[in-house]
Amino acid sequence: MNKCDLRIVYLGTPEFAVASLRALVEGGYNVVAVVTMPDKPAGRGHQLQFSDVKKYALEVGLPVLQPEKLKDEAFIEELRSYKADLQIVVAFRMLPEIVWAMPRLGTFNLHASLLPQYRGAAPINWAVMNGDQETGATTFMLKHEIDTGNMILQERLPIGPDENVGSVHDRLMAMGTGLVTRTVDLIIDCENKGIEIPTTPQPEIAELRPAPKIFKEDCEIRFDQKTATEVHNFVRGLSPYPAAWANLTINGQLFENVKIFAVAPTANDQQPSTKNGLIIPCREGAVRILELQVPGKKRMDAKAFLNGLH
RNA sequence: CGCGGAGUAGAGCAGUGGUAGCUCGUCAGGCUCAUAACCUGAAGGUCGGUGGUUCGAUCCCGCCCUCCGCAA
């Protein structure tokens, strides 16, 4: 079997999933259809928005399936009609067994963490928020419990001490493309040799850190409850999306819902200060805010913000 | 027709029915390490676009363009 003989159905939604899809398409793999989220009204003015994966699929002329419900009879029938040998899911949603068990060779997932760590929806954010110095990406075969299947390939990636999640996301996305294509190559190779795909059960680890979906209320910075280092990690783990925020009182003026994109730990300070930049005291130490955004305003560095105070 | 904010000097913001200021930056000079330092001086704006009201509009009214927050 050649890579152009293997029929692949690809499931994914955001930008992170586009990279691997593109790698497959441009690498000459036989992607026969794409499954993605239904179009939704979004953005200012509630315009109908296509998912990033759908935009790309349309660009290259791939069939797009957008089921409201993954168990829907019509959708299952349509999916079957593509006669996939393999399904690949990247940043999609939970799949019912009837979907992931459908292809002859099964379904594998690209997950943006070193499994078994950071199972869940926001693995990249949590790794940075926890101050980890390393993360990675893993491909694994789907099974019932989410993000627990046997691992196929895994690759590690260092996290810089001041790096934010946006940067880690982009680097993991690039790394993921290689992981996905190599996983497919491996599967084809095993198929040709008539052997099982070698997989490894996820190791048992005592200290398992989860990576649940992050909501806005989880993003408020509690300066009084965190050390300067913790605030720093929290901010970069949420920057640029979904962004940490806080209500700040500066020179007696209250600013609500201020998004904070970058801070640097700095010398201790008891009071919020604007003398040497925008300094906010923490439970231990203090941070200097480097980049922020007030509602209705543009994102700006702290210096610009201070220039506008009056 | 989802709700809302905003377009004034390179940046961030004030302001007024009689053609505009602040902080920062820039440039020139001084001081000399204050780790986003200090002093002096200068340059730099058809106040988003377009109609209207007015003796006169950056400011009031209509339309257009652009940017942003919320919500999804």
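Residue numbers begin at 1 in each chain, while the letters A, B, ... track the order of the sequences. Keep in mind that the numbers below use all heavy atoms, side chains included, and drop hydrogens, waters and symmetry copies.
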Interatomic distance, CD1@A:I260 vs CD1@A:I289, rounded to 0.5 Å, equals 3.5 Å
[atom1]-based separation of [M] from [N] [nearest Å]:
{"N": "B:rC24", "M": "B:rU53", "atom1": "P", "value": "44 Å"}
{"N": "B:rU66", "M": "B:rA57", "atom1": "P", "value": "27 Å"}
{"N": "B:rA9", "M": "B:rC22", "atom1": "P", "value": "14 Å"}

For the pair made of [atom1] in [X] and [atom2] in [N], what is the distance, rounded to whole Å?
{"X": "A:L309", "N": "B:rA36", "atom1": "CG", "atom2": "P", "result": "18 Å"}
{"X": "A:N251", "N": "B:rU23", "atom1": "CG", "atom2": "P", "result": "16 Å"}
{"X": "A:I279", "N": "B:rU35", "atom1": "CD1", "atom2": "C1'", "result": "12 Å"}
{"X": "A:I289", "N": "B:rG12", "atom1": "CD1", "atom2": "C1'", "result": "16 Å"}

Indicate, with a heavy-atom threshold strictly under 4.0 Å, whether [X] touches base, sugar-phosphate, or nothing.
{"X": "A:K303", "result": "base"}
{"X": "A:R299", "result": "nothing"}
{"X": "A:Q49", "result": "nothing"}

In terms of the nearest nucleotide of RNA chain B, which residue is placed more toward the 5' end: A:P295 or A:G45?
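The residue mapped nearer the 5' terminus is A:G45.
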Between A:G296 and A:L290, which residue's closest nucleotide on RNA chain B lies nearer the 5′ terminus?
A:L290
Just compare [options] and give me whichever is closest to any side-chain atom of [X].
{"X": "A:Q293", "options": "B:rA11, B:rA71, B:rC68", "result": "B:rC68"}
{"X": "A:M300", "options": "B:rG12, B:rG69, B:rA71", "result": "B:rG12"}
{"X": "A:A304", "options": "B:rG69, B:rA36, B:rG12", "result": "B:rG12"}
{"X": "A:K298", "options": "B:rC70, B:rC68, B:rU23", "result": "B:rC68"}

Would you check if the side chain of [X] reaches a backbone N or O of [Y] as a donor-acceptor pair within less than 3.5 Å?
{"X": "A:Q87", "Y": "A:V9", "value": "no"}
{"X": "A:R7", "Y": "A:V32", "value": "no"}
{"X": "A:Q202", "Y": "A:D147", "value": "yes"}

Between the base of B:rG69 and the side chain of A:R44, is there a donor and acceptor pair under 3.5 angstrom?
yes
Check if the side chain of A:R288 and the base of B:rA36 share a donor-acceptor pair of N or O atoms closer than 3.5 Å.
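Yes.
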Base-pairing mate for [N] - Watson-Crick or G-U, with both contacts under 3.5 Å:
{"N": "B:rU23", "result": "B:rA11"}
{"N": "B:rA57", "result": "none"}
{"N": "B:rG62", "result": "B:rU50"}
{"N": "B:rG69", "result": "B:rC3"}
{"N": "B:rA36", "result": "none"}

Cation-pi between A:K213 and A:F215: NZ/CZ under 6.0 Å from ring centre and within 45° of the ring axis?
yes
